[in-house]
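Take a look at the structure below.
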Protein chains: 2
Amino acid sequence: MVRRTRFDDSDCPVARSVDAIGDWWSLLIVRDAFDGSRRFGEFQRGLGVAKNILAARLRVLVDGGVLDVVPASDGSSYHEYVLTPKGRDLFPVIVALRQWGEGHFFEPGEPHSEMVDRQGGRPLRALEVRSADGRRLDPDDTAVVKVDQLGTPAGAVPE
Amino acid sequence: MVRRTRFDDSDCPVARSVDAIGDWWSLLIVRDAFDGSRRFGEFQRGLGVAKNILAARLRVLVDGGVLDVVPASDGSSYHEYVLTPKGRDLFPVIVALRQWGEGHFFEPGEPHSEMVDRQGGRPLRALEVRSADGRRLDPDDTAVVKVDQLGTPAGAVPE
DNA sequence: AGGATTGGTTTCAACTTGCTACCAGATGGA
DNA sequence: TCCATCTGGTAGCAAGTTGAAACCAATCCT
């Protein structure tokens, strides 16, 4: 086998997510979808991606239940790609990547795009990982366990 | 040019993040690093990745400032890979992907790994995107603007 | 009707991926 | 000390993927 490795049967949800998205283009397509892009041409212009690549990625995202194909909203006989609820659930992923990038890849004053609260226009609060009872958690405060059947953790797992 | 497209000069932090991580293997390496892997062999066994691929990805992550090479903690003359502060800042990204995967890719009762609060062992609270003043935000409550110089948004941007 | 726009597919060369084999240095046991 | 093993890689190669450009069909505009 020389095909790119798949992770769709992994026990780890991170691996399955990564596998379902497919590649980075797909994530940028989702980013643009959150930002209002709906038409093939909009995605193509926004991303500068070759059309064959875009067509393939859109197909993967539609097959994966992230995007849905719906009749165009302008009355034409074309169609549009809109996020499904599953796709909209990627919102924290996009926000997390955005905040990481803002924090580490731009010089002070360097132009960049920023996500803001529509009501007031202020930047978002940084994402916080919290326990069920609301304490802020650092990586060291967490562990990964294997859940075998009915929600009863079976102990630490090397993943 | 037939080389894989780079995004490292994009205005969008999401694109730069995506570019810096490199590929999915890299993100799974980071996941394992959060989970305690430090040695080449640990990553290799944990991921089942070919050694040349792993070596290349580790190099990218080290060059990108996500991992650091340090002397082995067991006194041997080997070395270990540990997350830098920048790498640790990827924690919300991993958590976001994990929660998305948990929510959409496992049947009820299907075995999977789960991240829990070390103190008490309960699953984490779902990540929440919030405004600066603490309101929960949906995708529709946000907009992406272009910041040109000194923190003054210049209006909505098609990205 | 004629031209432009939309939304793709096809082709093909270059590049990347991943398996296997190989290798060099460090370690450990007899 | 000598040899086997472990660790951490590199080299070579086949197959798969990527992406630029060309092409194409259906739709829309006038």
Side-chain angles (χ1 to χ4, degrees), chain A residues 1-10 15 18-29 32-33 36-63 67-82 158, chain B residues 1-10 15 18-29 32-33 36-63 67-82 158:
Chain A
M1 210 254 288
V2 195
R3 182 189 164 64
R4 188 167 74 193
T5 307
R6 304 296 309 275
F7 306 105
D8 48 349
D9 59 346
S10 167
V18 149
D19 194 76
I21 294 171
D23 75 353
W24 291 126
W25 280 122
S26 306
L27 207 56
L28 297 182
I29 291 169
D32 279 8
S37 291
R38 305 168 67 96
R39 298 285 282 260
F40 187 95
E42 283 184 286
F43 289 111
Q44 212 228 320
R45 279 188 301 277
L47 294 168
V49 60
K51 295 200 289 182
N52 53 345
I53 304 292
L54 178 57
R57 292 301 165 273
L58 287 171
R59 199 159 29 233
V60 167
L61 290 171
V62 170
D63 290 350
L67 293 177
D68 221 351
V69 179
V70 303
S73 52
D74 62 357
S76 74
S77 69
Y78 298 119
H79 56 261
E80 298 182 343
Y81 298 92
V82 299
Chain B
M1 215 255 288
V2 195
R3 182 189 165 63
R4 188 166 75 193
T5 308
R6 305 297 309 276
F7 306 105
D8 50 348
D9 59 346
S10 168
V18 150
D19 194 75
I21 294 171
D23 73 354
W24 292 128
W25 280 121
S26 307
L27 208 56
L28 297 183
I29 290 169
D32 280 8
S37 291
R38 304 168 68 95
R39 298 285 282 260
F40 187 94
E42 283 184 285
F43 289 112
Q44 212 228 322
R45 278 189 300 279
L47 294 167
V49 59
K51 294 201 289 180
N52 54 346
I53 304 291
L54 177 58
R57 292 300 165 273
L58 287 172
R59 201 159 27 234
V60 167
L61 291 171
V62 170
D63 290 350
L67 293 177
D68 222 351
V69 179
V70 302
S73 53
D74 63 357
S76 74
S77 71
Y78 298 118
H79 57 262
E80 298 182 342
Y81 298 92
V82 299

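We name chains A, B, ... by the order of the sequence lines, and we start the count at 1 in each one. Just so we're clear, the structure is a prediction, and the values are computed from it rather than from any experiment.
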Rounding to a whole Å, what distance do you find between [X]:[atom1] and [N]:[atom2]?
X: B/Arg6; N: C/dT16; atom1: CZ; atom2: P; answer: 10 Å
X: A/Asp23; N: D/dG16; atom1: CG; atom2: P; answer: 18 Å
X: B/Leu54; N: C/dC19; atom1: CG; atom2: P; answer: 13 Å
X: B/Gln44; N: C/dG18; atom1: CD; atom2: P; answer: 13 Å
X: B/Ile53; N: C/dT20; atom1: CD1; atom2: P; answer: 13 Å

Inset, instruction - Do nucleotides 6-12 of chain C as a string where each nucleotide becomes B, S or -: B if the base has a protein heavy atom under 4.0 Å, S if just the sugar-phosphate does, - if no protein is that close. - result: SBBBBB-
Inset, instruction - Output yes when B/Arg39 and B/Asp74 qualify as a salt bridge under the 4.0 Å nitrogen-oxygen rule, no when they do not. - result: yes
Inset, instruction - Work out which heavy atom in A/Asp19 is nearest to a heavy atom in A/Thr5; give both atom names and the distance. - result: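 Closest approach of A/Asp19 to A/Thr5: OD1-O, 4.5 Å.
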Inset, instruction - Using modelled atom types only, decide if a donor and an acceptor are shared between the side chain of B/Gln44 and the backbone of B/Phe40 within a distance under 3.5 Å. - result: no
Inset, instruction - Spell out, as yes or no, whether a donor-acceptor pair under 3.5 Å connects the side chain of B/Glu80 to the backbone of B/Val69. - result: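 A pair under 3.5 Å: no.
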Legend entry - A/Trp25-B/Phe7 aromatic ring centre distance below 6.0 Å: yes
Legend entry - Residue met sooner reading DNA chain D from 5', once A/Ser76 and A/Arg57 are mapped to nucleotides: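 So the residue in question is A/Arg57.
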Inset, instruction - Decide yes or no for B/Arg57 and B/Ser26: does some side-chain heavy atom of the first lie under 4.5 Å from some side-chain heavy atom of the second? - result: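 In short, these two side chains touch, coming nearer than 4.5 Å.
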Legend entry - Any A/Trp25 side-chain N or O less than 4.0 Å from OP1/OP2 of D/dT18: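 For D/dT18, neither OP1 nor OP2 has a side-chain N or O of A/Trp25 closer than 4.0 Å.
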Inset, instruction - Answer yes or no: does a side-chain N or O of A/Ser77 lie under 4.0 Å from OP1 or OP2 of D/dC28? - result: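 Answer is yes, contact under 4.0 Å.
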